[in-house]
Amino acid sequence: MPDALPPAGADLLALHRMMLRIRRFDERVIELFRAGEIKGTAHSCVGQEAIAAGACAHLTARDWILTHHRGHGHCIAKGAGMARMMAELMGRETGYCRGLGGSMHIAELSLGILGANGVVGAGPGIGLGAALAAQLGDGAVGIVFFGDGAANEGIVHEAMNLASLWRLPLVFLCENNRFGLSTRASESTAGGDLSARAAGYAMPGTTIDGNDVLAVHAAVGEAVARARAGRGPSFLEALTWRWGDHSMRANLPRYRSEAEEAEHLARDPIARAAALLHNRADALAEAAAATEAEIERAVAAARASPEPAFALLRSSVATAHAAWDEPGETTGAGREIGMVQAINEALHAAMAEDARVIVLGEDVGRIGGIFGCTRGLQERFGAARVRDTPISEQAIGGLAVGAALRGLRPVVEVQILDFVTLMMDMIVNQAAKARFMLGGTATVPMVVRGPQGGGIRLAAQHSQCLEAWFAHVPGLTVVAPATPYDAKGLLIAASRHDSPVVFLEHKLLYVEAKGPVPEPPYAIPLGRARVHRRGRDVTIVAIQAMLPRALAAARTLAREGIEAEVIDPRTIAPFDLEAVADSVRRTGRCVVVHEACVTAGIGAEIAARVAEAAFDWLDAPVLRVGNPDLPVPYNDTLERAVIPDAARIAAAARRVCYRDAA
């Protein structure tokens with residue numbers, strides 16, 4: 001069947017020129033890659049240009065896209081300049097991400113390009129948050145591009161469910177080029193057309209010819225109009241074919257026959273559009289010449305751009321921590337509250353202070369969370385800002401990242417922190433790296449908070465302490481308060497911070513901790529330790545629920561003539577090394593105690609840094625006290641046995657003080 005004439009509103013000549021620009025850009029990239037001027041890898045979208053051109057033609061300046069590793073065409077179609085695109089691929093300072101992102105991570109928030117992504121399937125999750133921000137704010141519409149391989153990732157299904165449930169202004173556009181990497185879609189995907197899955201999520205699903213730019217233009221136009229009207233998301237499956245291999249770096253054995261390649265090459269989307277413009281030969285020739293000149297100017301500009309300086313690296317990881325003055329517990333005028341109430345007060349204060357703060361999580365709204373930390377928030381601030389989500393950890397993480405990139409300040413509650421393993425991609429690969437990969441130009445103001453630790457008989461999958469995982473990831477701030485006073489002040493500070501914060505609360509402290517807390521809002525500087533007890537003989541660094549046990553051990557030691565100084569880091573990353581090192585320089589000895597397993601626990605890092613900073617003052621090795629590398633058992637006697645207690649802490653202190661540990 002011949003292609004139809006352009007429908008009303010479709011400028012075929014403009015669409016053809018956009019496709020030509022995308023193709024010639026990627027063809028030039030292939031040449032430069034082979035010549036060694038572009039390194040690493042890149043993924044060509046040659047053969048798939050009609051999808052980017054036809055879809056993005058419907059988007060305004062305020063609308064946005066999320067794309068994937070094969071995303072050059074989408075970025076160009078959304079307005080990215082070729083010179084900055086080429087500079088980024090060459091790793092140069094003038095690139096969109098200042099040479100820190102490369103081919104798979106190009107983004108420009110001012111153009112509504114929220115990012116290409118090297119993690120398969122990540123875009124739909126992040127798109128949830130971006131669409132939520134649009135729904136609550138400027139009314140923009142977003143398109144998320146992903147491939148047939150990504151369509152089998154769980155995050156895509158979680159995203160489709162939640163987008164439909166909340167009627168988010170989002171278009172899911174699956175580019176089905178028939179292969180994940182080398183595996184055929186027919187061998188990896190059950191059920192035939194991917195678009196048929198949309199029915200299960202109560203949204204329209206359509207399969208279109210992705211090599212017909214007019215068909216793409218028409219279908220996406222309908223989906224975008226639906227989203228703008230507040231009718232929710234759509235799912236489009238665009239059938240296409242990538243002309244090259246999976247990546248420019250790949251040199252794989254042949255997995256497609258010559259006959260099928262020839263069949264699909266005959267459906268060249270640019271040639272099909274040109275055939276409809278046969279009477280515009282002069283315009284086509286002019287567009288081709290202009291495109292060649294534009295690309296060569298881009299290459300020349302990229303070659304002339306300097307490489308980024310090493311100093312850029314640290315400045316692109318995280319924003320600076322604000323330096324507020326602590327009010328001090330004495331301003332509480334004798335008022336004592338528990339940890340849960342302190343956290344609740346902090347959330348109330350943060351939401352009252354800034355309308356951009358939203359709270360997301362399972363059961364956080366109607367019942368106020370299973371531990372009561374979000375109680376009363378939905379009644380005061382409304383269901384739009386305090387949202388009960390499905391049990392979809394990946395989607396919740398994506399909501400936070402996308403919403404933060406679009407200007408909101410989400411606070412996510414992980415119901416039990418062990419479940420954070422299900423959203424680790426969004427925290428570790430997306431939130432922590434977004435600012436860096438965008439050359440320091442973006443902020444990701446989000447907080448992921450929830451209860452960790454043992455002591456209340458919840459067994460191995462509900463009792464872990466995971467601070468060392470997050471402290472290992474550049475770009476994350478990791479907070480672990482041990483008192484209600486610190487919890488309130490640090491959480492308010494975290495809600496104001498412009499980079500992602502993992503805020504760890506301890507279940508046992510929910511039950512046991514109580515102390516003086518000022519009623520008015522206040523913020524405690526992130527990255528500053530607190531000395532709870534002064535001493536001259538040994539420094540004890542205690543994390544979270546270990547603090548009261550360390551203080552109890554210090555009282556026991558004092559009766560024996562050993563005066564212990566007890567320090568709570570409060571913030572795990574950045575770690576206040578100077579406060580601890582200063583103490584060790586005075587005491588000459590150090591014990592680090594945490595509840596997590598000893599091996600590769602945060603105590604190992606603290607011990608190493610203390611040794612580096614204060615080695616000449618140490619009179620004994622730094623000792624670590626922690627769980628003896630076992631999952632937390634259910635049995636109450638055994639649980640108490642694996643979690644450090646005051647007696648074990650005191651014994652370690654005696655050992656470094658050359659006393660009889662018995």
Point to revise | Summary of ring pair (Phe, Tyr, Trp, His ring centres under 6.0 Å) pairs that have at least one residue in residues 426-459, sequence neighbours excluded | key: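 Counting only pairs at least two positions apart or across chains, no ring pair (Phe, Tyr, Trp, His ring centres under 6.0 Å) contact touches residues 426-459.
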Exercise for review: Quick one: do S583 and E565 satisfy side-chain hydrogen bond (donor to acceptor under 3.5 Å, both in side chains)? Show the steps, please.
Suggested key: CA-CA 8 Å; S583 175; E565 184 150 298; 2.8 Å; yes
**Study point:** side-chain hydrogen bond (donor to acceptor under 3.5 Å, both in side chains) partner of E595, chosen from R549, H506, Q544
**Key:**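 Running side-chain hydrogen bond (donor to acceptor under 3.5 Å, both in side chains) over R549, H506, Q544 with E595 returns exactly one hit, H506.
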Check your understanding: Could you give the distance from CD (E639) to CD1 (I456), rounded to the nearest 0.5 Å?
Key ->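 Answer rounded to 0.5 Å: 8.5 Å.
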Review point. Looking at CD of Q452 and OG of S463, how far apart are the two atoms once the value is rounded to the nearest 0.5 Å?
Key: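 Here the interatomic distance stands at 10.5 Å.
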Check your understanding: Does the pair R570 and D568 meet the rule for a salt bridge (Lys or Arg N to Asp or Glu O under 4.0 Å), with working shown?
Key -> CA-CA 5 Å; R570 301 195 294 191; D568 174 11; 5.6 Å; no
Practice item. Give the intermediate values and the outcome of side-chain hydrogen bond (donor to acceptor under 3.5 Å, both in side chains) for residues D363 and Q415. Key: CA-CA 8 Å; D363 306 298; Q415 198 165 79; 2.9 Å; yes
Practice item. Carefully, step by step, assess E578 and R585 under the rule salt bridge (Lys or Arg N to Asp or Glu O under 4.0 Å). Key: CA-CA 10 Å; E578 189 51 41; R585 292 184 192 112; 3.1 Å; yes
Practice item. Please state whether the rings of F419 and H462 are parallel, tilted or perpendicular, taking 30° and 60° as the class boundaries. Key: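 Judged by the thresholds at 30° and 60°, the geometry between F419 and H462 is perpendicular.
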Check your understanding: Where do L114 and R406 land on the side-chain contact (heavy atoms from CB on, under 4.5 Å) test, with the steps shown first?
Key -> CA-CA 8 Å; L114 302 191; R406 288 276 291 165; 3.9 Å; yes
Heavy-atom neighbours of [X] [atom1] exceed 12 at 6.0 Å:
X: E353; atom1: CD; result: yes
X: E307; atom1: CD; result: no
X: I391; atom1: CD1; result: no

Exercise for review: Step by step, work out the side-chain hydrogen bond (donor to acceptor under 3.5 Å, both in side chains) result for T599 and D629.
Suggested key: CA-CA 7 Å; T599 300; D629 294 349; 2.4 Å; yes
Check your understanding: Is the shortest distance from a Lys or Arg side-chain nitrogen in D498 or R409 to a carboxylate oxygen in the other one below 4.0 Å?
Key ->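 Between R409 and D498 there is a salt bridge, with a charged N closer than 4.0 Å to a carboxylate O.
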Practice item. Give the intermediate values and the outcome of side-chain hydrogen bond (donor to acceptor under 3.5 Å, both in side chains) for residues Q464 and D418. Key: CA-CA 6 Å; Q464 298 167 93; D418 306 67; 2.8 Å; yes
